[in-house]
Novice: 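Questions regarding the structure given below will be posed in turn.
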There are 2 protein chains.
Amino acid sequence: MSSAVQPDGARTQAYRRIRSDIAAGALVPGSWVREGPLADTLGVSRTPVREALNALAAEGLVEIVRHRGARVSSWTRRDVDEVYSLRALLEGEGARLAAERADAPVTATLHEHEHAFADAAADLSRLRAVGQDAGPALDSAVEANRALHAAVMRAADSPRLESLLASVSSTPLVALAFGHYADADLARSVAGHHDLVLGIEHRDAALAESAMRSHILGARHAAARSATDA
Amino acid sequence: MSSAVQPDGARTQAYRRIRSDIAAGALVPGSWVREGPLADTLGVSRTPVREALNALAAEGLVEIVRHRGARVSSWTRRDVDEVYSLRALLEGEGARLAAERADAPVTATLHEHEHAFADAAADLSRLRAVGQDAGPALDSAVEANRALHAAVMRAADSPRLESLLASVSSTPLVALAFGHYADADLARSVAGHHDLVLGIEHRDAALAESAMRSHILGARHAAARSATDA
DNA sequence: GAGGCGCGGATCGTATGCGTTCCGGCGCCG
DNA sequence: CGGCGCCGGAACGCATACGATCCGCGCCTC
């Protein structure tokens, strides 16, 4: 009846909805996510909702207890540290690979890294602009940041690495962290990204990996500030 | 009618079955896994089978195409390399953490690393024994190897790292690789594990990480020999 | 008054049914 | 003779139905 009939299935719809509700804070950690009510809200049946919950459980966003249901995962300080350590490890590796492979079509299935990195440079420019404007367009900074990281992973050209990273980055903490970004943090972030792009463009794997690692490990502290629960 | 009525749900049953069938080679890469027939074979309905397939898809063991079904993933040489690189990265990190945390109860939720590592030493002994006997008890070596790696990850005390590792180790390649182990490989493996345990027991993070990395990166070549498809 | 026990309600886990989508083969047309 | 469109069959995606399991609460016993 609407405009779009079936862009994607009901399952994906449920998945996105629950995910965004968690990220937005509408679903607080520890609260239960009932299948029935959610199905009614979305206008679908319990089956796709159930599958979406299983997918979210696989990513660690919710915990499922047999015959009890699914509840939103709680994040302790230690969990946050763990996630950021792993992100540093994985994204560092991604940056290293990106630097090594930049415009060096060694293996098959590679297309146009250089082109992909033109985008990355554009993202960096956007970040810089926001850094100067300071403040208002923070959403834009978040988006530029996300795009830059995505460009790096694309250049790394390692689907499984990307998948692993998604498993730990899916957390709403990444978004929440930005809410606690001080201006100094933002400046440091921009500078870090500068080194990162520099390292990749000059095929300096050590610089790229190191810059990415410090970028993430630095962000960890900003994130830690937003971890309130035990 | 059997003995056990409900040890665990039908979903887990289906999951294990499909997984082992893939590992055993009963399901060859590229072939389709139909929901209906499998449900009949297992004596359950399509629903739990379907959920099991989704779980396996999340781990990358099968690929699901909408309205077509699930088929066993094919492994190219490049996929194998990628998996082993990631294992080296993750297990290396695990070894590093294990060495850093060995008998140093800094954070909460740590119990008895030292005790956990008594087990690890025992596993190492078993590996050594097999190394000397050479040949016959290769299954025992596989098991000892698995136990040792598990002990390291336990000592690393990082649930998410463990989960990520499972995502890439789930592959049947790990088991297959041992089938192509030459005696020299086995000896190298034992020596590598020796350094690994040494590094952890002496809290030498660099040694532990390095030993684990070379152990895995070495095993990659043995695994590469068993990768036949394009 | 405190603790154990049984009952009712709610929710999940699985089974089954129906509509939709896609593939493979056959006939028609250029 | 080759390419294109239609049609039948099969499998999936989702909806719905039913039985199993667990929690909360009131009652009974000590």
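Chain letters run A, B, ... following the sequence lines, proteins first and then strands; every chain starts at 1. All values derive from a computational prediction rather than experimental measurement. When reading the values below, keep in mind they use all heavy atoms of this one structure, side chains included, and skip hydrogens, waters and symmetry mates.
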Novice: Report yes if a side-chain nitrogen or oxygen of A:S45 is closer than 4.0 Å to either non-bridging phosphate oxygen (OP1 or OP2) of D:dA15; otherwise report no.
Specialist: yes
Novice: Hey, what's the ring geometry for B:H149 with B:H215, parallel, tilted or perpendicular (30° and 60° as the breaks)?
Specialist: tilted
Novice: Between A:E91 and A:R213, does any NZ, NE, NH1 or NH2 come within less than 4.0 Å of an OD or OE carboxylate oxygen?
Specialist: no
Novice: Scan nucleotides 7-11 of chain C against the protein and return all N/O pairs shorter than 3.5 Å with their distances rounded to 0.1 Å.
Specialist:
| from | atom 1 | to | atom 2 | distance (Å) |
| --- | --- | --- | --- | --- |
| C:dT11 | O3' | A:R34 | NH1 | 3.4 |

Novice: Please report the distance, rounded to the nearest Å, between CD1 in B:I64 and C1' in C:dT21.
Specialist: 16 Å
Novice: Just checking B:R17: does its CZ atom have more than 12 heavy atoms from other residues, nucleotides or ligands closer to it than 6.0 angstrom?
Specialist: no
Novice: Which residues pass the side chain to side chain donor-acceptor pair (under 3.5 Å) test with B:R16, not counting sequence neighbours?
Specialist: none
Novice: Separation of A:R66 atom CZ from D:dC22 atom C1', in whole Å?
Specialist: 12 Å
Novice: Would you mind reading off the distance between B:L53 atom CG and D:dA11 atom P, rounded to a whole angstrom?
Specialist: 14 Å
Novice: Can you check the A:D40 CG to D:dT16 P distance for me, whole Å?
Specialist: 10 Å
Novice: In whole Å, what is the span from the CG atom of B:D8 to the P atom of C:dT14?
Specialist: 10 Å
Novice: Please report the distance, rounded to the nearest Å, between CZ in B:R11 and C1' in C:dA15.
Specialist: 16 Å
Novice: To the nearest Å, give me how far apart CZ (A:R50) and P (D:dA17) are.
Specialist: 18 Å
Novice: Identify, between A:G43 and B:V33, the residue whose nearest nucleotide on DNA chain D lies closer to the 5' end.
Specialist: B:V33
Novice: Is B:E162 salt-bridged to B:R154, cutoff N-O under 4.0 Å?
Specialist: no
Novice: Under the salt bridge (charged side-chain N to carboxylate O under 4.0 Å, His left out) test, which residues partner B:R34, sequence neighbours left out?
Specialist: none
Novice: Regarding A:E82 and A:R78, does a basic nitrogen lie under 4.0 Å from an acidic carboxylate oxygen?
Specialist: no
Novice: Please tell me which of the listed nucleotides, D:dC18, D:dA15, D:dG13, lies nearest to the side chain of A:R46?
Specialist: D:dC18
Novice: To the nearest Å, give me how far apart OH (B:Y15) and P (C:dG13) are.
Specialist: 17 Å
